[in-house]
Structures are given as C-alpha cells and as structure tokens.
Amino acid sequence: MKSILSLSLIFLFTFQVLAQKPRVYKAPQFGQDWSKPSEHPDRIVLTFGQNATEEIRINWRTDSTITEAYAEIAIATAAPKFWRNAISQKAKTERFNALDVPRAEVLANYHSVQFDELQPATTYAYRVGDGDRWSEWFQFNTPDSDPEAKFSFLYVGDAQNFILELWSRLIREGYRKAPNADFIIHAGDLINYAHREQEWHEWFTAGGFIHSMLPTLAVPGNHEYNYLNDQDRIDRKRSLSAQWKPQFSFPENGPEGLEETVYFIDYPQVKFIFLDSNREHEVQAEWLKSVLAQNDKKWTIVSYHHPLFSASAGRDNEDLRKLWKPIFDEYSVDLALQGHDHSYARGRVAPGENVLNGLNMRDQTGTVYVVSVSGGKMYGLRPNGWEDLEAERDRAAENTQLFQVISVEGNKLQFEAYTAIGELYDAFELIKSEDGRNQFVEKKGELGPEFRFENTIPYEDQLPEEIASSLLKKYPGYQLGRVSFIEDKNGFRYQVRLQKDEDEKEVILDKTGQEVDKLTN
C-alpha cells in the first residue's frame with residue numbers, strides 16, 4: 001500500500017512539473033521615486049576590515065540634505081539601556097552625484113564609519129543617523145580569536161535577475177537556515193545593470209536587515225561593469241558600478257587601482273582572498289602569489305566571479321584557468337567560490353599534480369571548485385562535465401536556486417548547499433592533515449538525484465504537446481524554438497519561433513492553437 005501511495009505521489013509531482021497550465025507572469029512595476037533616498041538612513045550594510053576579529057565598517061545612504069552623520073556602537077546586553085555605554089563616531093560623508101549616469105540618475109550622500117579595536121567573540125549593537133533621525137539598533141557578532149573555534153558563513157552566486165521577486169526568498173531562507181553565520185560571500189553579479197539604482201534598491205530591500213547584521217564580502221561580476229555615458233559606449237570603456245565604492249567599504253589592501261574589488265580578510269584560522277576576474281588578471285596573479293607566500297593560516301578560501309572550471313556550456317575561461325590555477329595548486333588553496341554560470345557545479349582537482357589519479361582522488365583532494373547561482377536566471381550545464389579539463393565534477397544542478405553554508409572548525413571544513421526551500425542538495429567535508437593536505441569526504445550519496453531542466457518545473461514557456469504537434473504538421477521540417485506566453489487586450493496568445501536551417505518564422509497562436517497572426521523573419 002505504501003509503495004502504491006509513493007508511486008502515486010511521484011506521478012502527481014511529475015504531472016505537476018511537466019503539465020503546467022499556461023500562465024503569463026506579471027512582473028512587478030516600481031514607481032519612479034521608489035528607490036530615491038530620503039533624510040532617513042537606508043541601505044545600511046556591514047563589512048569587515050582586514051582583521052575581522054576587531055574591525056567593522058558600516059555604510060549607509062541618505063539624501064543630499066544630510067551632510068553630517070554619526071554611528072553609535074555599544075556592547076549589547078539583555079538590558080534595554082545598553083546604549084548608556086555606547087560611543088559615538090562622526091561618519092565620513094561622500095556626495096554621490098549620478099544625475100547624468102543613465103539608469104542611476106540620482107543625487108545622494110553616502111556615509112561610512114570604521115570601528116577598530118573591538119573585542120573578539122562579542123555581540124555589539126549599533127545605529128546610524130544624523131543626530132535626530134536614527135535607524136533601529138542592529139546587532140552583529142565579532143569572530144572568536146581562538147583559531148580552533150567553529151564559525152560558519154553563507155556563500156551565494158549571482159542574484160542578478162528578479163532580485164526582489166526571487167532572490168529575496170533565497171537569501172532569507174539562507175538566514176533562517178544559518179542564523180548564526182558570521183558573514184555572507186557574494187560571488188559577483190549582485191545586480192544586472194551596474195549603475196541602475198532600482199536594482200541596487202531591490203538588492204538592499206531583498207536582504208533587508210540581513211545586510212545590516214551579517215557583514216557582506218563581495219566581488220564584482222561582469223554585470224557590475226558597464227558604460228557610464230554615450231562616449232564610454234563608443235570607446236567600449238566599461239566602468240565599475242558607480243555605487244560600488246560609496247556603498248561598500250572593503251579593505252584597501254589589494255593592488256593599486258584595484259582597491260575594494262581585490263582584497264583579503266583575515267580570520268584566526270582562514271585567509272579569505274577576493275579577486276576581480278573582470279580585469280588585470282596578471283597584476284592580480286602577482287599580488288596573489290605575494291599574499292599566499294606570506295599566508296600563515298590553516299585554511300585558504302578564494303572567491304571571484306568567472307569560474308576556472310565552468311558549470312555551463314560555452315563559457316570556458318581557459319586563459320584565466322591557465323594563469324590562476326597553478327598558483328592555487330602551488331599554495332594549496334582549499335576552496336574556490338565562483339559564480340557567473342547560472343547553474344551549479346562542484347568538483348575538484350588532484351592534490352599537487354595536474355593529472356588525475358583515481359586512488360589519490362579518493363583519499364585526498366586539491367582545490368575544490370564550486371559554481372553556484374542564487375537568483376532566478378538559469379542556464380544549462382556543460383554536457384560533458386569537466387572531463388577534458390583535468391578536473392572531476394562531482395555534483396551539479398540546473399534550474400535550481402541555491403545558497404551554501406560553510407563551517408570551519410579546527411581541522412574540519414564542512415560544506416552544505418541548500419535549495420531556496422531549505423532542502424539539503426549537496427554536501428562534503430575536508431579534513432586537513434598535519435602535512436596540509438586535505439582528505440575529501442563525499443556526502444552526496446546520502447542525497448537525492450540531481451536536478452535538471454527536465455525534472456523540474458519548466459524554466460521556459462512550454463507549448464502544450466497537442467498544439468505543438470499540430471503546428472509542426474502544418475510546417476513540416478521546422479523545429480520549435482522559443483515559446484512566449486502573451487496576455488494583453490487581445491487576450492492570451494502563444495508566440496512561437498519556428499526554425500528550419502537558415503529559415504526562421506514567428507507565428508502567433510490563440511489559446512486553442514489556432515494561428516491568428518504570422519510574422520516571417
């Protein structure tokens with residue numbers, strides 16, 4: 001009886017996945033002034049200084065009328081008037097005039113403070129304001145200075161698209177799953193169009209108080225670079241998001257000219273290194289070698305946007321891999337956290353060599369590489385995995401929003417990937433030996449099958465089978481291309497692209513499949 005019930009549930013799920021009724025998605029509309037600053041603090045975000053145990057940085061935004069701002073901080077206690085022990089610090093205020101930047105078109109003031117000499121393993125509360133208008137009190141925890149103490153953090157790939165609509169549920173589920181996480185790593189493409197105010201406002205709104213309580217550590221993706229004006233477009237000169245440096249205060253310990261996009265953070269037992277895979281790769285390679293040569297931490301974790309081993313088809317970054325991977329190998333980088341490919345892949349290379357050895361890979365591993373996506377835009381996987389790239393892809397996913405929880409305690413690193421509804425999707429452990437090599441402990445055998453486009457709710461609009469069959473009979477030799485659902489004053493329609501060699505047709509069908517209009521390209 002149980003078997004029959006289980007089969008029935010599987011059938012019902014499959015039917016729901018594959019037989020969705022046509023539904024036109026209603027994208028949200030935002031008012032013109034929705035993202036504009038006001039006299040009240042907004043976009044409040046935490047970041048670490050270089051020494052995470054004792055340095056914290058806070059950034060926020062107001063309109064341009066607020067020319068003086070302050071932050072107050074105190075050790076938090078259960079007593080509500082903990083603020084009696086607070087100290088106040090005047091903020092650095094920076095005028096942000098992007099009125100002439102397309103899609104930004106805003107005038108604001110950004111404010112920032114840095115608090116040093118904080119106590120490790122301590123809960124602090126802070127607020128920001130102008131002396132009259134204040135934010136609520138937020139809390140954060142400084143890391144424990146004990147190099148054997150356990151800590152955890154969240155890592156997410158591209159938010160980029162449908163940020164307030166779909167990334168919000170992902171990042172909030174991540175916070176619910178790991179409320180004691182110390183910080184969040186964002187592996188680039190936080191938004192889609194570098195300078196667009198609305199998208200940055202979506203990003204801050206989607207994360208809400210999470211940005212104000214868990215420090216953000218981010219690298220720019222390719223979508224954090226775009227043209228500032230028409231002349232730049234002619235010259236093909238792409239600039240870092242105009243908002244990046246005013247709204248984040250990352251350490252300025254990277255190469256000259258790459259400050260706050262290339263930097264490192266020191267935890268008691270981990271060195272976190274952040275790279276900008278969009279530009280000046282050779283400069284970063286030399287800097288990276290110098291940082292790693294002086295690294296005395298037990299663990300080394302790097303993050304950047306473009307994967308050295310791509311998850312998706314047609315997106316190989318061979319030159320970058322040839323330049324950076326030998327450095328990762330030489331200095332035994334443990335984990336590389338990447339984005340860009342809008343799918344999920346996790347794999348590894350052999351320790352201390354470029355040629356895989358099956359026995360060696362079962363016992364030990366070199367750098368583990370992960371590509372992940374947290375937003376709603378999805379691509380297909382590279383069909384042959386990493387077979388021809390001297391690496392082994394262990395687990396992958398398509399059409400799935402994911403966040404990762406990574407924990408480090410002494411000689412053990414634990415990695416877990418979760419879906420947007422909190423399901424454990426992937427897991428492994430690294431156990432560091434006395435000689436610095438990592439034992440790899442695979443956990444995927446305890447989990448379910450991999451997600452693909454064909455066993456999840458369709459990402460693209462689908463033409464019902466009977467209508468597709470009828471249409472292809474009418475146009476023999478053609479194949480179905482992109483299908484779009486349309487709903488306007490003329491009612492519901494299917495817009496279908498048909499392709500035959502070099503010929504392409506676009507047809508419009510009503511909900512019964514009858515052709516009502518035809519456009520030939």
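Nothing fancy with the numbering, it's 1 onward along the sequence.
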Enquirer: Only one of Asn438, Thr367, Thr365 forms a side-chain hydrogen bond (donor to acceptor under 3.5 Å, both in side chains) with Asp334, so which one is it?
Expert: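 The side-chain hydrogen bond (donor to acceptor under 3.5 Å, both in side chains) with Asp334 is passed solely by Asn438 among Asn438, Thr367, Thr365.
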Enquirer: Ser374 versus Ile171: any side-chain heavy-atom pair under 4.5 Å?
Expert: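 Contact flag for Ser374/Ile171 side chains = no.
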Enquirer: After noting the C-alpha distance and the side-chain angles of Phe492 and Phe485, does the key distance pass the ring pair (Phe, Tyr, Trp, His ring centres under 6.0 Å) rule?
Expert: CA-CA 7 Å; Phe492 178 86; Phe485 298 163; 5.6 Å; yes
Enquirer: Is any NZ, NE, NH1 or NH2 atom of the basic residue among Asp488 and Arg493 found under 4.0 Å from an Asp or Glu carboxylate oxygen of the other?
Expert: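 Judged by the 4.0 Å cut-off on N to carboxylate O distance, Asp488 and Arg493 do form a salt bridge.
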Enquirer: On a heavy-atom basis, which atom in Glu515 and which in Leu509 lie closest, and how many Å separate them?
Expert: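 So the two residues come closest at CA-CD2, 3.7 Å.
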Enquirer: Do the non-hydrogen side-chain atoms of Ile327 and Asp329 ever get within less than 4.5 Å of each other?
Expert: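 When only atoms from C-beta onward are counted, Asp329 and Ile327 do not touch, as no gap falls below 4.5 Å.
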Enquirer: Got a second to check how far Gln462's CD is from Ile457's CD1, nearest 0.5 Å?
Expert: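 Output value for this atom pair is 11.5 Å.
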Enquirer: Quick one: list whatever passes side-chain contact (heavy atoms from CB on, under 4.5 Å) with Ser312, sequence neighbours left out.
Expert: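 side-chain contact (heavy atoms from CB on, under 4.5 Å) check on Ser312 returns Arg315, Asp341, Ser343, Tyr379.
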Enquirer: Check this for me, if you would: do Glu105 and Arg103 make a salt bridge, where the nitrogen-to-carboxylate-oxygen distance has to be below 4.0 angstrom?
Expert: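 Not counted as a salt bridge, because no side-chain N and carboxylate O are separated by less than 4.0 Å.
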Enquirer: Please report the shortest heavy-atom distance between Leu154 and Phe403, naming the atom on each side.
Expert: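 Smallest heavy-atom distance, with atoms named: CD2-CD1, 3.9 Å.
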Enquirer: Taking atom CG of Asp230 as the centre, report whether more than 12 heavy atoms of other residues, nucleotides or ligands fall under 6.0 Å from it.
Expert: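 No - once you tally the heavy atoms of other residues, nucleotides and ligands closer than 6.0 Å, there are 12 at most.
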Enquirer: Indicate the atoms forming the closest heavy-atom contact of Asp461 with Val483, along with that distance.
Expert: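 So the two residues come closest at CB-O, 3.2 Å.
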Enquirer: I want to know whether Trp200 and His195 have ring centres closer than 6.0 Å.
Expert: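 No, the ring centres sit 6.0 Å or more apart.
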Enquirer: Does Arg346 qualify as a cation-pi partner of Phe415, given the criterion of NZ or CZ under 6.0 Å from the six-membered ring centre and within 45 degrees of its axis?
Expert: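 No, Arg346 does not lie over the aromatic ring of Phe415.
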Enquirer: Over 60° means perpendicular and under 30° means parallel, so tell me whether Trp386 and Tyr369 are parallel, tilted or perpendicular.
Expert: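 Perpendicular, since the angle between the ring planes exceeds 60°.
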Enquirer: Looking at Asp394 and Arg348, is there a salt bridge between them, counting it only when a charged N and a carboxylate O are closer than 4.0 Å?
Expert: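 Judged by the 4.0 Å cut-off on N to carboxylate O distance, Arg348 and Asp394 do form a salt bridge.
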Enquirer: Verify the ring-centre separation between Tyr425 and Phe451: is it less than 6.0 angstrom?
Expert: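 Yes, close enough.
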Enquirer: Pairing donors with acceptors under 3.5 angstrom, does anything connect the side chains of Asn278 and His305?
Expert: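 The answer is no; no qualifying pair exists.
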Enquirer: Taking all heavy atoms of Val156 and all of Gln404, pick out the closest pair and write down the distance.
Expert: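 In this case the closest contact between Val156 and Gln404 is CA-NE2, 4.2 Å.
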Enquirer: Does the side chain of Ser249 come under 3.5 Å of the side chain of Asn59 through a donor N or O and an acceptor N or O?
Expert: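 Present: a donor and an acceptor within the cut-off.
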Enquirer: State yes or no: are the ring centers of Phe428 and Phe440 separated by less than 6.0 Å?
Expert: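 Between Phe440 and Phe428, which both carry aromatic rings, the centre distance is below 6.0 Å.
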Enquirer: Answer yes if the ring centres of His211 and Phe204 are under 6.0 angstrom apart, and no otherwise.
Expert: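 Yes - the distance between ring centres of His211 and Phe204 falls below the 6.0 Å cut-off.
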Enquirer: Would you mind checking if Asp388 and Arg382 are paired as a salt bridge, meaning a charged N to carboxylate O distance below 4.0 Å?
Expert: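 Salt bridge: yes.
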Enquirer: Hey, are Glu460 and Arg482 close enough for a salt bridge, meaning a charged N less than 4.0 Å from a carboxylate O?
Expert: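 Counted as a salt bridge, because a side-chain N and a carboxylate O are separated by less than 4.0 Å.
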Enquirer: Do Asp316 and Ser310 have a side chain donor and acceptor closer than 3.5 Å?
Expert: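 There is no such pair between these side chains.
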Enquirer: Just jot down the side-chain contact (heavy atoms from CB on, under 4.5 Å) partners of Glu280, sequence neighbours excluded, or say none.
Expert: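 By the side-chain contact (heavy atoms from CB on, under 4.5 Å) rule, Glu280 matches Leu258, Val283.
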Enquirer: Taking atom types as modelled and ignoring hydrogens, do the side chains of Gln401 and Arg169 form a donor-acceptor contact shorter than 3.5 angstrom?
Expert: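 On atom types as modelled, these side chains qualify, holding a pair under 3.5 Å.
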Enquirer: Answer yes when Glu487 and Lys26 have at least one side-chain N-carboxylate O distance shorter than 4.0 Å, and no when they do not.
Expert: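 Result for this pair is yes, salt bridge flagged.
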Enquirer: I'd like to check Asp158 versus His342 (side-chain heavy atoms, cut-off strictly below 4.5 Å). Are they in contact?
Expert: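 They are in side-chain contact.
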Enquirer: Any chance the side chains of Gln439 and Gln364 put a donor and an acceptor closer than 3.5 Å?
Expert: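 Result is no, nothing qualifies.
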Enquirer: Side-chain contact test, heavy atoms from C-beta onward, threshold under 4.5 Å: evaluate it for Leu275 versus Ile273 and give yes or no.
Expert: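 When only atoms from C-beta onward are counted, Ile273 and Leu275 do touch, with a gap below 4.5 Å.
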Enquirer: Within the 4.5 Å heavy-atom criterion, are Ile508 and Tyr494 side-chain neighbours or not?
Expert: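 Side chain of Ile508 against side chain of Tyr494, heavy atoms only: no contact under 4.5 Å found.
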Enquirer: Taking all atoms of both residues into account, what is the closest heavy-atom pair of Ala391 and Val349, and its distance?
Expert: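 Minimum heavy-atom contact is CB-CG1, 3.9 Å.
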Enquirer: In a check of ring-ring contact (aromatic ring centres under 6.0 Å, His included) between Phe272 and each of Tyr155, Phe264, Phe153, Phe250, which one passes?
Expert: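 Per the ring-ring contact (aromatic ring centres under 6.0 Å, His included) rule, the option paired with Phe272 is Phe153, out of Tyr155, Phe264, Phe153, Phe250.
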Enquirer: In sequence, state the C-alpha distance, the side-chain angles, and the governing distance for Arg395 and Tyr344, and then conclude on side-chain hydrogen bond (donor to acceptor under 3.5 Å, both in side chains).
Expert: CA-CA 8 Å; Arg395 190 155 170 88; Tyr344 179 82; over 6 Å; no
Enquirer: Check whether any side-chain heavy atom of Arg43 lies under 4.5 Å from a side-chain heavy atom of Gln247, and answer yes or no.
Expert: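 Sidechains of Gln247 and Arg43: in contact.
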Enquirer: Take atom CG in Asp100; do more than 12 heavy atoms of anything else shown fall under 6.0 Å from it?
Expert: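 Count not over threshold, so no.
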Enquirer: When the aromatic ring centroids of Trp203 and His186 are compared, is their separation below 6.0 Å?
Expert: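 Yes, the ring centres sit under 6.0 Å apart.
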Enquirer: With the side chain counted from C-beta on, respond yes when Tyr110 and Trp60 share a heavy-atom pair under 4.5 Å apart, and no when they do not.
Expert: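 Answer no - side chains too far apart.
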Enquirer: Pairs of donor and acceptor atoms involving the side chains of residues 174-185, under 3.5 Å and at least two apart or interchain, shall be tabulated with distances.
Expert:
unit_1	atom_1	unit_2	atom_2	d
Arg176	NE	Glu173	OE1	3.3
Arg176	NH2	Glu173	OE1	2.6
Lys177	NZ	Gly422	O	3.3
Asp182	OD2	Tyr267	OH	3.0

Enquirer: Taking it one step at a time, do Gln160 and Glu199 satisfy side-chain hydrogen bond (donor to acceptor under 3.5 Å, both in side chains)?
Expert: CA-CA 8 Å; Gln160 189 179 340; Glu199 291 179 19; over 6 Å; no
Enquirer: Is it true that atom CD of Glu423 has more than 12 heavy atoms of other residues, nucleotides or ligands lying nearer than 6.0 Å?
Expert: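 Correct, the count exceeds 12.
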Enquirer: Would you mind reporting whether Ile163 and Glu165 have side-chain heavy atoms less than 4.5 Å apart?
Expert: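 They are not in side-chain contact.
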Enquirer: Going by atom types alone, do Asp276 and Tyr263 pair a side-chain donor with an acceptor below 3.5 Å?
Expert: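 Absent: no donor and acceptor within the cut-off.
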Enquirer: Which heavy atom of Asp503 sits nearest a heavy atom of Lys505, and at what distance?
Expert: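 Minimum heavy-atom separation between Asp503 and Lys505: OD2-CE, 3.8 Å.
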Enquirer: Are a donor atom and an acceptor atom from the side chains of Ser277 and His306 found within less than 3.5 Å of each other?
Expert: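 Yes.
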